[in-house]
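I have placed the structure first, in the form of structure tokens, so that the comments after it can refer back to it.
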Amino acid sequence: MSGVSRRALPGFGLGLGYALVYLTVLVLVPLAACLVKAASLGPSEFLAAAWTPRAIAAYKLTVGTSLAAAAVNVVLGLVVAWTLVRYEFVGKRVVDALVDVPLALPTAVAGLVYASLYVPNGWIGQFLAPLGIQAAYSRLGIVLVLVFTGFPFVVRTVQPVLEDLDAETEEAASVLGASRWQTFRRVILPMLVPPALTGFALAFARGMGEYGSVIFITSNRIFETEIAPMLIMTRLEEYSYAEAAAIATVLLGFSFLLLAAINYLEYRSKRNVG
Amino acid sequence: MSASPAPIAPPAPAPAAALDAKPLKRATRDPWYVRWTLIGLTLGIVGLLVAVPLASVFVQATAKGLGVYWTNLVANADTRHAVFLTMVVAPVAVAMNVVFGVAAAWAIARFRFRGRGLLITLIDLPFSVSPVVAGLVFVLIFGLQAPLGLWLRDHGYQVIFAPPALVLATAFVTFPFVARELIPVLEAVGPDEELAARSLGASGWQLFWWVTVPNIKWGLLYGVILCNARAMGEFGAVYVVSGRIEGQTDTMPLRVQKLWEGSDNPAAFALASVLTLLALVTLVLKVVIEPKVREQTAAARTAAE
């Protein structure tokens, strides 16, 4: 599927030109403006803005809750993907469609409903409160909504790989004397690691940026339940634009590292499959 | 690049000679207790994570009766304005990204040029930027602390804390959707029909409207639906640039949050139920259109062979 000659089909210049201008104006220049603003601070001021104990606590919380949620999603995603591909049961198509809900449901709705479900007198919170578990307005609450928003990723990356797995591989393992569990551990699971890892990275990246759902369910206590995007908001409301830009720059740094990691994972899994 | 064929369900194992079918069946099938445990777990996970929250939205929205539900939706001028604003901002942002998506996909799928790989990566860039940061960058450019913001205000243009900034922030966070959907579709369809039309004397735009658009229409629609769902539901980015002025810059998700902050839970859930319905409609459309996208690209591929 190679490209055609630029003389054979029109519109190369127009298409590429428009795409580049739009990309530059809408994405690249604004992001550059953020970096320039942050750079206007000078190294020591930058650190004083973006590397304070409060900011570090916010980064740790953001990364920590996102990692925890992504890890939970790997386990949930493997179970759900396996079930959806391997078994037949009533309502399977509905369950399969429901997996995509977190992608389509506005995050504000997710935050609103999760907060109301997990408060001590909510539908689910009433069962947790006697156990001493406070799910709403705590770090656990943040992890909960991040599990929701990141739920589809692992399912949707693992599912196609499981579907493409041919029965012969498993039959061969069985004929060679492997038990069902050994076949899973040694033959199937290794093939699921790359897609699960991609799904993990996608869910993690989604969690790192999440804001809409989190602000409903966190108490926004400094050092405790304040995620990094909230700190940016606080700085903005104080008109500390450069400080906000500095914290945003740190977050952008995290994001780009993640983007690079995801691209690398996808490249590797493609190479292994193809 | 070899595009992998659309994933199809694995063919059911042919009932071979009854003799050796049994051990082989056991090799690919899990014992019943594993099956039932995993099915139970899946129902539990999806139920607790997705189904219960969905149901709870509608239950809480209508808890005080359908009359109150309806009043909550239509009686409040600020809520009505939020619905109106979302219905303006989302389509404009989607339209901007459709034009970009078509232009970028045309260049990327039909031609080879230096920096093509880089461009593909850059298209994904907004996905990895936190929505709050996406909003912040526009405040930094168009805010009144910035020269451009001041200049625009002096010439009578309000960008930040006004609909233009809402559109920009929304377009930023939904930037990749259409392009990402279109590039693989356009690549799968291939240039043959366009080349044929060209040799028969079609002009560039004739070729585009009569050959390319019909060939990619399902993929395009699919991208528009995903983009629109995200645009209407966007929270973080518009939260930052809106200034949250009641009755002026509150979109539907922002209005939900404000109602909830004001402890008006039934009203918050009433508006949230509308957003939820929109999300469910999106998912139904997605399920309907997905096979058509696959069909169209598959048909194009067999025609090319």
Side-chain angles (χ1 to χ4, degrees), chain A residues 1 3-4 6 8-12 15-16 18-19 22-23 26-27 30-31 33-34 37 76 79-80 82-83 87 89 95 97-98 100-101 104-109 112-113 116-117 123 148 151 160 163 167 170-171 174 205 209 211-212 229 232-233 241 244-245 248 251-252 255 258-259 274, chain B residues 1-2 7 10 13 24 27-28 35 38-39 41-42 45-46 49-51 53 56-57 60 100 103-104 106-107 110-112 122 125-126 128-133 136-138 140-141 145 171-172 175 187 191 194-195 198 204 229 233 235-236 253 256-257 260 268 272 275-276 279 282-283 287:
Chain A
M1 231 166 290
V4 301
R6 280 169 212 175
L9 281 179
F12 171 71
L16 184 64
Y18 183 80
Y22 185 75
L23 173 76
L26 189 69
V27 178
L31 287 179
C34 179
K37 187 77 189 177
L76 301 185
V79 170
V80 172
W82 182 271
T83 309
Y87 309 141
F89 54 96
V95 173
L98 283 177
D100 278 335
V101 166
L105 193 73
T107 53
V109 177
L112 174 76
V113 64
S116 79
L117 284 176
W123 285 13
F148 174 82
F151 177 60
E163 273 166 1
E170 284 163 69
E171 285 165 7
S174 167
Y211 180 72
I232 294 177
M233 240 0 258
Y241 294 100
L251 274 191
L252 280 175
S255 312
L258 260 176
L259 185 68
Chain B
M1 212 177 82
S2 65
L24 282 187
T28 51
R35 234 178 320 155
L38 289 180
I39 290 176
L41 276 174
T42 296
I45 292 166
V46 176
L49 222 51
V50 183
S56 137
V57 170
Q60 300 201 48
F100 162 74
W106 181 256
R110 284 290 173 267
F111 304 96
R112 292 294 174 271
L122 285 178
L125 190 61
S128 63
V129 174
S130 167
V132 168
V133 176
L136 170 74
V137 297
F138 291 108
L140 291 176
I141 292 177
Q145 85 292 344
F172 184 105
F175 181 83
E187 261 179 1
E194 286 147 4
L195 290 170
R198 192 66 173 155
F235 186 89
V256 167
Q257 197 254 347
W260 181 77
L275 285 168
T276 308
T282 301
L283 287 180
V287 171

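Because only heavy atoms are used, hydrogens play no part in the values below, and waters and symmetry mates are left out as well, while side chains stay in. Proteins get letters first, then strands, A, B, ... in listed order; numbering begins at 1 in each.
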If you look at every heavy atom in [X] and [Y], which pair is closest and at what distance?
X	Y	result
A/A104	B/A279	O-CB, 3.4 Å
A/A33	B/L140	O-CD1, 4.5 Å
B/F138	A/P30	CE2-CG, 3.9 Å

Which atoms of [X] are under 4.5 Å from chain A, going by heavy atoms: the side chain, the backbone, both sets, or neither?
X	result
B/L49	both
B/L195	both
B/V57	both
B/R198	side chain
B/I39	both
B/Q257	both
B/F175	side chain

Query raised in the report: Does the B/R110 side chain pair with the main chain of A/R6, one donor and one acceptor, at a distance under 3.5 Å?
Result: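 No.
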Query raised in the report: Ignoring hydrogens and geometry, is there a side-chain-to-backbone donor-acceptor pair from A/S255 to B/S128 under 3.5 Å?
Result: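 Present.
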Among the listed options [options], the residue most often paired with chain A at heavy-atom distances under 4.5 Å:
options	result
B/P253, B/P53, B/G233, B/A104	B/P53
B/T282, B/L136, B/V256	B/L136
B/A272, B/A51, B/G204	B/A272

Query raised in the report: Should B/L125 and A/L31 count as side-chain neighbours, where that means a heavy-atom distance under 4.5 Å?
Result: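 In short, these two side chains touch, coming nearer than 4.5 Å.
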[atom2] on [Y] to [atom1] on [X], rounded to 0.5 Å:
X	Y	atom1	atom2	result
B/L38	A/T83	CG	OG1	4.5 Å
B/R112	A/F12	CZ	CZ	10.5 Å
A/L112	B/T276	CG	OG1	8.5 Å

Requested in this report: Just say parallel, tilted or perpendicular for the rings of B/F235 and A/Y211, cut-offs at 30° and 60°.
Outcome: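 Rings of B/F235 and A/Y211: tilted, 30 to 60°.
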Portion of [X] that has a non-hydrogen atom of chain B nearer than 4.5 angstrom:
X	result
A/Y87	side chain
A/L16	both
A/L251	side chain
A/A205	neither
A/L252	side chain

Report task. Count the heavy-atom pairs under 4.5 Å between each of A/Y241, A/F151, A/F148 and chain B, then report the option with the highest count. Result ->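 Maximum pair count with chain B is reached by A/Y241.
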Report task. Pick whichever of A/L23, A/L76, A/L9 has the most heavy-atom pairs under 4.5 Å with chain B. Result ->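 Result: the option with the highest number of such pairs is A/L9.
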